Amino acid sequence: MRWIPLLTFLSILILLGADSSSEIQDQEIELLEFHSQIAPNAEPISAILYGADRFDIPWRLHDAAPQKLFVTNDGTAYYQSNNQWKSILPNGERVPVKPNHKLPDPVTTQIPPNLKVTANSLSLFKDQKSIWAYTLPASTEIRPSTLQIDAAEHIYFHDNSGSWYSLDQDGNLRYKLKLQTDAPQFACMVTYAGDAFCTSPHIGIIGIHNKTNAPRLIIDGKERFFTQEPQIIDGFTFVPLRSIFEALQSQVDWNAETQTVTATKGKQTVKLTLHSETAQLNGKNIQLDASPILYQESTFVPLRFVGEALGASVIWEDVTRTIQIISKQ
């Protein structure tokens, strides 16, 4: 880490002068200190991460006055520094941006129409009845222009003091990042997969991630970040079928009645049925290492099947827990 952790997983928030909300008191926290990249000899900048039992800040990058931050459909973040565009992946890896290169379109957030926003609260309604409500601490207000949502329908926003929040689908606080300083606050953006990027003139750029043991996934040399992460279940590595196949330029169709998935790429057609260890490749039966499963409402298939079905090379790096998929060009 490139900062100094002072207290890790502290549950007695009154010692830190933190918010008195009972919801926050139930969360574990981490107190961090960042050395200012603008004034290195100044007092460190303190920050609190609520929900540190499930989320962390795994990396920090120094960059001069990062601004104009936005994220794209593939989970990459773009920003400007010294009048140059730069980009970065959710794992903190920098990706070169060629001069005069046309930038991709940013993700546009569509906030649900049944989400009601007041000065200091959020409420979700169904059939004109409140499903849940989240109220901010006293004297704190929501900045509506910062509202964002990921593919799992988690909600993100800044308050008027600059703190960054994430709520789950039921309106419960997942995490909150709060700077204990008068320095310029973070400006944060979230990807479809739920990875957050936050920029600050004093701190640079940090990432906020859900703690997970899921393997890294690299397709054709570029790390990919999907809402459904690869999973290791009963000794087999499973990957989300639709996300992987569509990343490999395949058409995927789901038949709910027969619980069958059909994937097509060029002349290759693959059919799989949930909980069956037999799949079809161009009409011929092939045996799977394990049957496809439904996990978090998505179809997952054994990793090796990706290579067999689409002619791709699949490499598992045990030391780094990395999946490499190289497709035929």
Side-chain angles (χ1 to χ4, degrees), residues 54-61 63 66-81 85-98 101-111 146-157 164 166 168-169 174-175 177 186-199 204-231 238-250 252 295-298 300 303 306 320-327:
R54 293 182 298 145
F55 297 88
D56 65 356
I57 300 174
W59 53 264
R60 173 194 180 190
L61 297 177
D63 221 321
Q67 57 182 324
K68 299 183 179 180
L69 174 71
F70 71 89
V71 296
T72 59
N73 288 331
D74 64 0
T76 304
Y78 288 79
Y79 63 96
Q80 252 189 353
S81 177
W85 282 102
K86 299 182 180 182
S87 63
I88 189 171
L89 297 177
N91 63 0
E93 179 183 347
R94 293 188 184 275
V95 181
V97 177
K98 297 179 181 179
H101 177 72
K102 185 180 183 302
L103 297 176
D105 294 329
V107 168
T108 56
T109 297
Q110 299 294 329
I111 301 300
T146 66
L147 276 168
Q148 300 169 53
I149 190 169
D150 66 18
E153 299 184 351
H154 301 135
I155 297 170
Y156 304 79
F157 61 92
W164 171 247
S166 175
D168 66 17
Q169 304 96 321
R174 301 171 72 225
Y175 71 79
L177 178 64
F186 284 116
C188 301
M189 297 291 294
V190 69
T191 69
Y192 280 142
D195 300 298
F197 298 87
C198 297
T199 64
I205 305 173
I206 64 171
I208 305 177
H209 295 260
N210 188 0
K211 291 181 178 179
T212 177
N213 291 321
R216 296 174 63 194
L217 177 61
I218 298 176
I219 299 177
D220 291 334
K222 183 173 183 179
E223 187 162 5
R224 299 300 184 101
F225 301 90
F226 303 120
T227 303
Q228 303 87 3
E229 297 177 320
Q231 301 291 327
F238 286 81
V239 293
L241 183 145
R242 180 177 293 275
S243 297
I244 298 295
F245 277 42
E246 288 183 348
L248 294 171
Q249 309 302 313
S250 301
V252 180
Y295 180 80
Q296 296 182 346
E297 301 182 359
S298 295
F300 278 65
L303 172 62
V306 175
T320 60
R321 293 175 59 82
T322 299
I323 299 167
Q324 290 266 9
I325 299 178
I326 305 171
S327 65

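All values derive from a computational prediction rather than experimental measurement.
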Less than 4.5 Å apart, any side-chain heavy atom of [X] and any of [Y]?
| X | Y | answer |
| --- | --- | --- |
| N91 | E223 | yes |
| L69 | Y78 | no |
| F300 | Q228 | yes |
| L89 | T76 | yes |
| I323 | L303 | yes |
| W85 | Q80 | yes |
| R54 | Y175 | no |
| I219 | I244 | yes |

Before you tell me yes or no, could you show the steps for Q231 and Y295 under side-chain contact (heavy atoms from CB on, under 4.5 Å), namely the whole-Å CA-CA distance, both residues' side-chain angles and the distance that decides it to 0.1 Å? CA-CA 9 Å; Q231 301 291 327; Y295 180 80; 3.6 Å; yes
Testing the 3.5 Å rule here: is there a donor-acceptor pair between the side chains of T72 and D74? yes
Contacts of F238 meeting ring pair (Phe, Tyr, Trp, His ring centres under 6.0 Å) (sequence neighbours excluded), chain-then-number -> none
Flag the pair D63 and K86 as a salt bridge only when some basic side-chain nitrogen lies within less than 4.0 angstrom of an acidic carboxylate oxygen. yes
From [atom1] ([X]) to [atom2] ([Y]), nearest 0.5 Å:
| X | Y | atom1 | atom2 | value |
| --- | --- | --- | --- | --- |
| D168 | H154 | CG | NE2 | 6.0 Å |
| H101 | L103 | NE2 | CG | 6.5 Å |
| D220 | S327 | CG | OG | 3.5 Å |
| C188 | L177 | SG | CG | 6.5 Å |
| L61 | T199 | CG | OG1 | 12.0 Å |
| Y192 | T109 | OH | OG1 | 7.5 Å |

What do the steps show when you test E93 against W59 for side-chain contact (heavy atoms from CB on, under 4.5 Å), and what is the final call? CA-CA 9 Å; E93 179 183 347; W59 53 264; over 6 Å; no
When the ring planes of Y156 and W164 are compared, do they come out parallel, tilted or perpendicular, using 30° and 60° as the limits? parallel
I325 vs I218, test: side-chain contact (heavy atoms from CB on, under 4.5 Å). Steps then yes/no. CA-CA 6 Å; I325 299 178; I218 298 176; over 6 Å; no
State, to 0.1 Å, how close [X] and [Y] come at their nearest heavy-atom pair, and which atoms those are.
| X | Y | result |
| --- | --- | --- |
| I149 | Q110 | CG2-O, 3.8 Å |
| A214 | P230 | CB-O, 3.3 Å |
| F225 | P90 | CE1-CD, 3.0 Å |
| G207 | P58 | O-CD, 3.3 Å |
| G194 | D150 | CA-OD2, 3.5 Å |
| F226 | A247 | CZ-CB, 4.1 Å |

Tell me, yes or no, whether the heavy-atom count around E153 atom CD, taken from other residues, nucleotides or ligands under 6.0 Å, exceeds 12. no
Given 3.5 Å as the limit, does a donor-acceptor pair link the side chain of Q169 with the main chain of A152, or not? yes
Please check if the side chain of S87 supplies one atom and the backbone of V95 the other of a donor-acceptor pair under 3.5 Å. yes
